[in-house]
2 protein chains.
Amino acid sequence: MTTGSRHGGQPSSPTPRVRLVDVAREAGLSKTTVSAALNDTGRLSPAVREKARETARRMGYRPNATARQLRAGRAKLIGYVVGEAVDARSVFLESPYFARLTGATAATALRRGYAMVLLPAGSLQSEWADLPLDAVVVTDPDADDRIVDDVLAAGIPVFSDRSVEGRPGAYWVDVDTEAAVRSALDHFHEQGARRPVLVVPDSTTRFHTEVFAAHREWCAEHGLPERAVRVPEAGNGPVVRAVETALAGGPAGDRREGGGGSDGEDRPDALLVVAEASPPLVLEAARRHGYSVPDDLLLACVSEDVTAEHTEPPVTTLSLRPEAIAEAGIEHLVRVLEQGGREPAGTLVPTRLDVRASSVRRHG
Amino acid sequence: MTTGSRHGGQPSSPTPRVRLVDVAREAGLSKTTVSAALNDTGRLSPAVREKARETARRMGYRPNATARQLRAGRAKLIGYVVGEAVDARSVFLESPYFARLTGATAATALRRGYAMVLLPAGSLQSEWADLPLDAVVVTDPDADDRIVDDVLAAGIPVFSDRSVEGRPGAYWVDVDTEAAVRSALDHFHEQGARRPVLVVPDSTTRFHTEVFAAHREWCAEHGLPERAVRVPEAGNGPVVRAVETALAGGPAGDRREGGGGSDGEDRPDALLVVAEASPPLVLEAARRHGYSVPDDLLLACVSEDVTAEHTEPPVTTLSLRPEAIAEAGIEHLVRVLEQGGREPAGTLVPTRLDVRASSVRRHG
DNA sequence: ATGAAAGCGCTAACAC
DNA sequence: GTGTTAGCGCTTTCAT
């Protein structure tokens, strides 16, 4: 009466799932033959191949991925962590940039045969040590981030930004930050702006530190004073406050001599916001401070936020092109993982400036 | 001179990775003993257990997850797809709601020992057929979505919203939509509004159809005309246009007799926006149409968008509490997967109305 | 052209 | 207490 003595199985499998050997038995063939037929390998007579396939189909056979992985030695699984903002638990996805980067990475990876596991921002390698990850993508790690070291120490290849350059087992894709900053500042300059201000997060992320440096350099080259406000933390509130600081006068550690309205000479005439913030809110902040955009303030945001197109005036954005980054990164990863050869280790992805009314001077 | 003939391995493994048997040999013990020591099972003398552990640590041993999975029969992997908006490829994450739901699901799952694979929105089961998924989470499937059927047909448990109720192998978590809609409309009513309008996506998602129904019911109960505008597609543009339609007059298929300004009686005095849209943009749209919020229009949005707190006035939001949904869902999933027993199949999660200035009448 | 058998790395019966 | 052994389901030499 023992109707099949489950050996080491689960509490009660809903369906005992058909295995390769079941198909083989049913078709009167061997595992080998059926496997070959299904994988289109080996030399089989068309008849047998078809019979095996047909039987498999009829029985609803689906190969056990885990067994394949074990055999193959790799799991076709990659991890994805956002390094930045360890404190901002799982909120990073609310940034349109990370949202799109994340989605695009997952989609591209799957297209290339890899599944992407979403790892909570700021999680430690130890928390997912027993995932069979072939590689880990670490986006925008902080300079002092442990995660990259942890993963490398575990012998897992890391794909990150340029900050990992030179580390064995680490590969990178990055935006061409300098060109990006230049393109925005040059654009302002062409439009006649001479007192641009930068608002940038005070983070140790590669991108942000490079933005700061590129801005400094550009200002020096153009003989303009370096005006920058650093945002202490992420979020719309802090960024908007930083924007207000920027619009109130010059840089943070700056001469604000004289008492009241020292407007005119000192008021910024262009604003580049690199920190993630909602374009409508930034625009609104400018208005509150008595600026009319673009008449007396040119505005551009580094952002993927689609609301930028819907404001009045629409806001010029500098897109980091997350989809392009994701694609470049995954292509790179697949090449490294599958060809194993020593790859160039890095790729630079250009940005795109979408000029809209907020940064174009009116009447010619 | 053959320095180790790689058998069926990769092109060139960077490090041959230490296996259980290596540790065993090194420690002069058997695989069993080491395994037991590491997993804290079996009866081992403390001395031996320590020795095994020490050796493993020293050699940098990390168990092969795939082998474990094969042995255990389950991969501790769950898939996550957003059913809604098949067309909006990987953009769904830009919605703060989905972003937070996604992040929270991943985090909660990992805490419970499951890794979450992010599947591109609208992707088919066939595209990830060879992932060893223990279950698939399908958020907000459209009524005619194939995905749920596909996954169930593959013998994989599905966790989704209430629309899957009654299907064997399907479990659900859902927001208490009716209570949610009531709470918002009741709030408007208490504030004196008598001509509320609803803006809701014209989708076949369970949530949206229920919102529409709940609103209809509420209006009937209160003897108020049902005013609703359905948004044909997602995105800030379409939603803002729908808001403008709503504010211009009554419902879409509605008497708009007479020519010009039939204001007064007909103008809505409260607006509930259920479609994802940026609160600042909605507010701006209301202003463009000559409304002052909250003086002659009360406003509330179903949204997780944090910008709602930063507008002037701040916007009242109805939060669906994605983190709570994620937690309830994953708890449920883990229970089903691990205890296998026939679980209650469904959980309802309450929403939260965050009342802010946009929906509170001034001067008492 | 097809099948038998080994083995991926691990865990769990079952001896000793 | 500790070691031996048998698989988990699949792919892949290697015989036949």
Side-chain angles (χ1 to χ4, degrees), chain A residues 5-10 13 15-25 27-53 55-56 59 61-76 129-132 134 155, chain B residues 5-10 13 15-25 27-53 55-56 59 61-76 129-132 134 155:
Chain A
S5 55
R6 272 177 289 97
H7 27 80
Q10 282 330 95
S13 326
T15 310
R17 182 112 172 205
V18 20
R19 304 170 337 261
L20 187 63
V21 62
D22 300 322
V23 178
R25 194 167 326 140
L29 297 168
S30 77
K31 293 197 308 180
T32 314
T33 307
V34 177
S35 174
L38 264 35
N39 295 333
D40 220 343
T41 74
R43 302 137 312 214
L44 267 42
S45 73
V48 172
R49 180 157 305 202
E50 188 42 47
K51 174 172 193 171
R53 287 181 163 162
T55 311
M59 299 179 72
Y61 168 72
R62 304 198 325 111
N64 179 313
T66 306
R68 283 184 153 174
Q69 290 173 10
L70 182 58
R71 192 70 244 281
R74 41 203 181 45
K76 294 276 198 163
D130 42 40
L131 282 173
D134 295 348
Chain B
S5 55
R6 272 177 288 98
H7 25 82
Q10 285 328 97
S13 326
T15 311
R17 182 116 171 201
V18 21
R19 303 170 338 263
L20 186 63
V21 61
D22 300 321
V23 178
R25 193 167 328 138
L29 297 168
S30 78
K31 293 196 311 179
T32 313
T33 308
V34 178
S35 173
L38 265 34
N39 294 334
D40 220 343
T41 82
R43 302 138 312 219
L44 267 40
S45 74
V48 172
R49 180 157 306 203
E50 188 43 47
K51 173 170 193 172
R53 286 181 164 162
T55 312
M59 299 180 71
Y61 169 72
R62 303 197 327 111
N64 179 314
T66 306
R68 284 184 152 174
Q69 290 173 9
L70 182 57
R71 192 79 235 303
R74 42 203 180 43
K76 294 276 199 163
D130 42 39
L131 281 173
D134 295 348

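In this text the structure is predicted, and so the values were computed from the model without any measurement. So you know, we letter chains A, B, ... as the sequences are listed, proteins then strands, and number each from 1. When reading the values below, keep in mind they use all heavy atoms of this one structure, side chains included, and skip hydrogens, waters and symmetry mates.
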Q: Closest nucleotide of DNA chain D for B/Leu70 versus for B/Ser30: which of these residues is on the 5' side?
A: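 Nearest-nucleotide comparison on DNA chain D picks B/Ser30.
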
Q: Nearest to the side chain of A/Arg71, heavy atoms from C-beta on, is which of C/dC8, C/dG3, C/dC10?
A: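 Among C/dC8, C/dG3, C/dC10, the one nearest the side chain of A/Arg71 is C/dC8.
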
Q: Grab the CG-P distance between B/Asp130 and D/dC10 for me, whole Å please.
A: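 Rounded to whole Å, this separation is 12 Å.
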
Q: How many Å lie between NZ on A/Lys76 and C1' on D/dC10, as a whole number?
A: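 To the nearest whole Å, that distance equals 16 Å.
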
Q: Consider the side chain of A/Ala67, meaning its heavy atoms from C-beta on, and name the nucleotide among C/dG9, D/dG3, D/dG9 that approaches it most closely.
A: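 Within the option list, the nearest is D/dG9.
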
Q: Taking salt bridge (Lys or Arg N to Asp or Glu O under 4.0 Å) as the test, write out the residues that go with A/Arg49, two or more places apart.
A: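 For A/Arg49 the salt bridge (Lys or Arg N to Asp or Glu O under 4.0 Å) partners, ignoring immediate neighbours, are A/Asp40.
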
Q: Assign each of B/Thr33 and A/Pro63 to its nearest nucleotide of DNA chain D by heavy atoms, then name whichever residue's nucleotide is nearer the 5' end.
A: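 The 5'-side residue here is B/Thr33.
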
Q: Just how far is it from atom CZ of B/Arg17 to atom CG of B/Asp22, taken to the nearest 0.5 Å?
A: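 If I round to the nearest 0.5 Å, the distance is 11.5 Å.
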
Q: Round to a whole Å and report the spacing from CG of B/Leu20 to C1' of C/dG7.
A: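 Going from CG in B/Leu20 over to C1' in C/dG7 covers 16 Å.
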
Q: Within this structure, what is the CD-to-C1' distance between A/Gln69 and D/dC8, rounded to whole angstrom?
A: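 Taking CD of A/Gln69 and C1' of D/dC8, I get 13 Å after rounding.
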
Q: Rounded to 10°, tell me the angle between the two end axes of the helix from C/dA1-D/dT16 to C/dC16-D/dG1, each built from five pairs.
A: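 For the helix from C/dA1-D/dT16 to C/dC16-D/dG1, the axes at either end differ by 50°.
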
Q: Which distance, rounded to the nearest 0.5 Å, do you find between the CG of B/Leu38 and the OG1 of B/Thr33?
A: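 Answer for the CG-OG1 pair, B/Leu38 versus B/Thr33, is 11.5 Å.
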
Q: Please list residues of residues 35-52 of chain B whose heavy atoms come under 4.0 Å from any atom in DNA chain D, ordered by number; otherwise none.
A: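 Per residue number, the list reads B/Arg43, B/Leu44, B/Ser45, B/Val48.
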
Q: Choose from C/dG9, C/dA13, C/dG3 the nucleotide whose nearest atom is closest to any side-chain atom of B/Thr32.
A: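 Selected nucleotide (nearest to the side chain): C/dA13.
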
Q: Are side-chain heavy atoms of A/Tyr61 and A/Val34 found at a separation under 4.5 Å?
A: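 The answer is no; the side chains never approach within 4.5 Å.
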
Q: Report the distance from atom NZ of A/Lys31 to atom C1' of C/dT2, rounded to the nearest whole Å.
A: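 In whole Å, C/dT2 C1' and A/Lys31 NZ are 15 Å from each other.
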
Q: What is the distance from CZ of B/Arg68 to P of C/dA12, rounded to the nearest Å?
A: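 Checked: the CZ to P distance equals 10 Å.
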
Q: With rounding to the nearest 0.5 Å, note down the distance linking NZ in B/Lys31 to CZ in B/Arg19.
A: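 One finds 9.5 Å between NZ of B/Lys31 and CZ of B/Arg19.
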
Q: Would a 4.5 Å heavy-atom cut-off, applied to side chains only, mark B/Leu20 and B/Ser35 as touching?
A: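 They are in side-chain contact.
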
Q: What's the CZ-C1' distance between B/Arg25 and D/dT4, to the nearest Å?
A: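 In whole Å, D/dT4 C1' lies 16 Å from B/Arg25 CZ.
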
Q: From OH of B/Tyr61 over to P of C/dT11, roughly how many Å is that when rounded to an integer?
A: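 Spelled out: OH on B/Tyr61 to P on C/dT11 is 6 Å.
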
Q: Drop me the distance from A/Asp130's CG to B/Asn64's CG, to the nearest 0.5 angstrom.
A: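 One gets 11.0 Å once the value is rounded to the nearest 0.5 Å.
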
Q: Please round to the nearest 0.5 Å and tell me the distance separating atom CG of A/Leu44 and atom OG1 of A/Thr41.
A: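 Atom-to-atom, A/Leu44:CG and A/Thr41:OG1 are 8.0 Å apart.
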
Q: How long is the gap from CZ on A/Arg68 to CG on B/Leu70, to the nearest 0.5 Å?
A: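 The CG atom of B/Leu70 is 13.5 Å from CZ of A/Arg68, to the nearest 0.5 Å.
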
